[in-house]
Amino acid sequence: MATAAAAPERLLRLKHVLERVPLSRATIYRKMDAGEFPKARKLGYATVWRESDVVKFIESLPEA
């Protein structure tokens, strides 16, 4: 029985991260340095975040 291949991890550019989290660019980088936001990765010249890491961060935010 063949199994379907798992979908590859989506990578998000800063523009798309900013659309999902209630933080500014500067705050994201400050929180990254403090270990409070997922670390970005370099993909060639682009800076990207794994979508699953960003989703985990959003889910960890306190409810309003």
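Reckoned from all heavy atoms, side chains included, excluding hydrogens, waters and symmetry mates.
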(request) Identify, with sequence neighbours excluded, every residue that meets side chain to side chain donor-acceptor pair (under 3.5 Å) alongside Arg30. (result) Thr27
(message) The criterion is side chain to side chain donor-acceptor pair (under 3.5 Å); which residues satisfy it with Glu19, sequence neighbours excluded?
(response) none
(message) Under the side-chain hydrogen bond (donor to acceptor under 3.5 Å, both in side chains) definition, can you give me all pairs with a residue in residues 34-43, not counting sequence neighbours?
(response) Lys31-Glu36, Lys42-Thr47
(message) Quick test of your reading: applying side-chain hydrogen bond (donor to acceptor under 3.5 Å, both in side chains), list the pairs with at least one residue in residues 53-64, sequence neighbours left out, ordered by first then second residue.
(response)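 Counting only pairs at least two positions apart or across chains, the side-chain hydrogen bond (donor to acceptor under 3.5 Å, both in side chains) contacts touching residues 53-64 are Arg50-Asp53.
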(message) Side-chain heavy atoms under 4.5 Å apart, restricted to Ile/Leu/Val/Met/Phe/Trp/Tyr: what other residues fall into the cluster of Leu11, or is it alone?
(response)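 Direct or chained contacts put Leu11 with Leu43, Val48.
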(request) List, by chain and number, the other hydrophobic cluster members for Phe57, where Ile, Leu, Val, Met, Phe, Trp and Tyr join if side-chain heavy atoms come within less than 4.5 Å, directly or indirectly. (result)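 Joined to Phe57, directly or through intermediates: Leu12, Leu14, Val17, Leu18, Val21, Leu23, Ile28, Tyr29, Met32, Phe37, Trp49, Val54, Ile58, Leu61.
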(request) Would you indicate whether the side-chain heavy atoms of Glu51 and Arg20 approach each other to under 4.5 Å? (result) yes
